[in-house]
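Keep in mind that the numbers below use all heavy atoms, side chains included, and drop hydrogens, waters and symmetry copies. Everything numeric in this text was worked out from a predicted model, so none of it was measured. Proteins come first, then strands; the chains are lettered A, B, ... in the order of their sequence lines, and each starts at number 1.
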Amino acid sequence: MSVSEVTLDQLARNQNAVVRRIGGDREFRRRLLAMGLVPGEQVILTAVAPLGDPIEVTVKGYRLSLRKEEARLVVVERA
Amino acid sequence: MTAVTLASPGAAVRYAPPIETELERLVAALGAIPALAERYPLRWLAVQLLEGDEHLLAEAEGLGGPAVTAALAASRERLAPHYGEDLDVALVDQRYRFVHTLARQALTRPAAPPLTLSDRIDRVVTHRWLGIPIFLALMWVVFKLTTDVAAPFVDWVDATLSGPVSGWATALLGAAGLGGSWLESLLVDGVIAGVGGVLVFVPVLLALYFALALLEDSGYMARAAFVMDRLMHALGLHGKSFLPMVVGFGCSVPAIYATRTLDSRRDRILTGLLVPFMSCSARLPVYVLIAAIFFPAQAGLVIFGLYLTGIVVAIVIGMLLRRTLFRNQPPAPFVLELPPYRLPTPRGVWRQMWERTAAFLRKATTIILATSIVVWLLLALPVRGGGRFADTPVEQSAFAALSGAVAPVFAPLGFGGWETSGALLTGFVAKEVVVSTLGQTYAVAELEEAAEAAPTNFGEDLLGIAGGLVSATGDALQVLPGVIGITLETPEEETALEGLAAAVRAGFEASSGGHGALAALAFLVFVLLYTPCMTAVAAARHEFGSRWMWVSIVGQFVVAWLAALLVFQGGRLLGW
Amino acid sequence: MREVTIALAGNPNVGKSTVFNALTGMHQHVGNWPGKTVERKEGRLILGDRQITVVDLPGTYSLAARSLEEQIARDFIVRERPDAVVNVLDAANLERNLYLTAQLLEAEARLVLALNMADVAAARGLRLNPEALAAALGAPVVVMSASKGQGLAELKATLRDLVTASGRGVRPSLKEVAQ
Ligand SMILES: Nc1nc2c(ncn2[C@@H]2O[C@H](COP(=O)(O)OP(=O)(O)OP(=O)(O)O)[C@@H](O)[C@H]2O)c(=O)[nH]1
Ligand SMILES: [Mg+2]
């Protein structure tokens, strides 16, 4: 992992990033890919739930929420 | 505006050359197997298999045998140098590129996207501090809608059926010379009572589906899941499980139907199995009666404790279920779109209310009517004494015999008398009747005011029904401000009849060997935890299928039995 | 007269049921999918001399089935092979919605695109170009705001053309496709 690479859950609110890799099992990866989290795609962390989990990201112009444990499987590069 | 074009169809995604080559090969290989060629669009199948769809691979291998496996492995191997482990990523990525090009042609974006109203609402609704209070307030509104607002209509349906409708049936049969016959009893106490048992849920379900339609169509439901997921996930459930649980405190039937909002079947069933442990409002009269008899000083505490026990049991059973029946089903990932807020249309909302309620009527009526008739039959059949069919004292009926036969099951719990097991039997049909059954079995004066109303004519009846509906609407409207204003009015409970109290006390003392209060507590715990009612059973079957219905019935019985045993025998050990 | 079946497919929450209700009105039937506890909504629509069965499929993001609902939608499209699939899309969220369209094309479905939520798209300042989309996809595209009843007549007209045009109401048999 290079310096600017972090996992999606580590982004600060309103921070921009670009998706690099998605880990996890195949099924999970396919699911996120289908939802538009493809390598090279811009994401912004737009909100965090009141209890600190899940998080909400904006990708391809819509809002998607993920648990942090799942967001940890998404490697992004801070913009 | 319509744009039609005669361009050749098949403007499909083109993948990178190495992938296209393999797709061609795969299509040829798969096409050679007739069973597959007949069933699937082959290029699509080839793409899905390359992408790693295991479900589909199993299906294809089942139909096509090892040839499929071999062809796929060969293609994968040839692609490995290009894409390594990321063939699935490459396929999706290339598909999205195609989509991106399409979207660019089809759409022009404004330079600066305006901040939409939806965004602004979200800032408040999922706000760090406001999010949870707003969520809880909305849940409160849903709870009130399905309880207090629906209640006057429930009463009206009940009164209409047991009053005028039963009256008409009696009058009709009387005119046909069948007055006072067993047929009249079957019709009034079996059929009409059974139909009533179904119909009284209609107002509740309409209220529930009204709330659900608003929450779902507006887009709030996804936010509710977002706000609550952390808590519910800790319990192995899903953010969307919270709403059914809340509704469950009102009534298990709408709560079971409310599990529909969950996306994964595992979460739906798991939630549906736990919802009945939330103490529904129909159990309250039983708590009130028994607590008033045995724990007059701490009745409130006992009742509160029961509600809490239900929640704790749900949590514990939830953990158990996840480690047993659902061991191989990990919780669904929480990958949830938060759609923009939309204004629900009255037509759309009404349609959902009606459709879903009608589905309940279709599915639940048979099973409930059948149960109602069976109970009637048991009560009508004399097995001892000199009673006639449909005219026999309770204690001489088949019902009493059956109650007596199952009573030993409850003996270790301290309430092995036939009177209490009879009440539990009818409680399986509906908790509302437990108290009146206790009244009957302990053979005290009828608890229900069997009001021999003055004879009325048809016109007066109709007026009465209409008047009842008007006043029900009025009552519901009066409750509405309370829904918004969050006022918790404590229900004023009628004090238990002296005679019944004495009889119940004596009964519990006798069946428990002098530990009446402990047995009563065990009885309450049992009432809290076993099957809420026949309608809930029907709902579970409707939603989850027969197998899960049985899991639910048997599971709740076992849990209730063990918990009551723990209370009674544990209490004895502690020397109470 | 051959029975014609049209399926409504699309992402969750894009207005499929709204379109379904508008098309079929009161002629609906709610049942369950065989052996499943998922609702199956089916309705009847008369277009010209054709009686059409319209099926409202559960919402799905892709044809890679994960949940029971998604599996039902996928199996219906690839196995039952309806005569046409009306792909309802949220015009305000076009890119993610078109991902399913790409898969539907791959599955060789005869598509009609319904760009729904046009009102929302307009409010966001998005300008739609249905002709370009239709040309690129080789499929009819209808712009609509289903909850306001806008675009329904056009959708019906498009469907009528599709099912009544000679030979076009019947899709090529799978055998032909396979060859
Ligand atoms: N503004 C706007 N709202 C719409 C339009 N069409 C539908 N809606 C609303 O969008 C919401 C969802 O519509 P549905 O028809 O239930 O969507 P669906 O695709 O059937 O949803 P699922 O069955 O859950 O996948 C409802 O509140 C509709 O009133 C439209 O053209 N414009
Ligand atoms: Mg729908």
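- Around CD of B:E54, the count of heavy atoms belonging to other residues, nucleotides or ligands within 6.0 Å does not exceed 12.
- When heavy atoms are compared at a cutoff of 4.5 Å, B:H100 approaches chain C by way of both its backbone and its side chain.
- Residue contact with chain C, scored on non-hydrogen atoms closer than 4.5 Å, is absent for B:Q352.
- Put simply, of B:T101, B:V47, B:L30, B:L343, the one with the most heavy-atom pairs under 4.5 Å next to chain C is B:V47.
- Heavy-atom pairs under 4.5 Å with chain C were tallied for B:Q48, B:H55, B:E51, B:E337; the largest tally goes to B:E337.
- Taking 4.0 Å as the cut-off between side-chain N and carboxylate O, B:R43 and C:E108 do not count as a salt-bridged pair.
- With sequence neighbours excluded, no residue forms a salt bridge (Lys or Arg N to Asp or Glu O under 4.0 Å) with C:K16.
- Other residues, nucleotides and ligands contribute only 12 or fewer heavy atoms inside 6.0 Å of the CD atom of B:E24.
- Residue B:R362 places its CZ atom among more than 12 non-hydrogen atoms of other residues, nucleotides or ligands, all under 6.0 Å distant.
- For B:R351, the part sitting under 4.5 Å from any heavy atom of chain C is the side chain, from C-beta outward, and nothing else.
- Contact annotation for B:S264: neither backbone nor side-chain heavy atoms come within less than 4.5 Å of a heavy atom of chain C.
- Using modelled atom types and a 3.5 Å distance limit, the side chains of B:D122 and B:Y341 yield a donor-acceptor pair.
- Residue contact with chain C, scored on non-hydrogen atoms closer than 4.5 Å, involves the side chain of B:R260 exclusively.
- Under the ring-ring contact (aromatic ring centres under 6.0 Å, His included) criterion, C:F76 pairs with C:W33, sequence neighbours left out.
- Most heavy-atom pairs under 4.5 Å with chain C, from the set B:R109, B:R95, B:E216: that is B:R95.
- For C:D56 and C:Q28, the side-chain atoms include no donor-acceptor pair closer than 3.5 Å.
- Under the 4.0 Å criterion applied to side-chain N and carboxylate O atoms, C:K156 and C:D161 are not assigned as salt-bridge partners.
- Contact annotation for B:R347: neither backbone nor side-chain heavy atoms come within less than 4.5 Å of a heavy atom of chain C.
- Proximity to chain B (any heavy atom under 4.5 Å) is shown, for C:R96, by both the backbone and the side chain.
- Contact of B:Q105 with chain C is made through backbone and side chain together, with heavy-atom distances under 4.5 Å.
- Of the atoms belonging to B:D263, it is backbone heavy atoms, and not side-chain ones, that fall under 4.5 Å from chain C.
- Interface check for chain C: of the options B:L56, B:L45, B:T345, the most heavy-atom pairs under 4.5 Å are formed by B:L56.
- For a residue to count as touching a neighbouring chain, one of its non-hydrogen atoms must lie under 4.5 Å from one of that chain's; by this rule C:K148 does not touch chain B.
- With a threshold of 4.5 angstrom between heavy atoms, B:E59 approaches chain C through side-chain atoms but not through N, CA, C or O.
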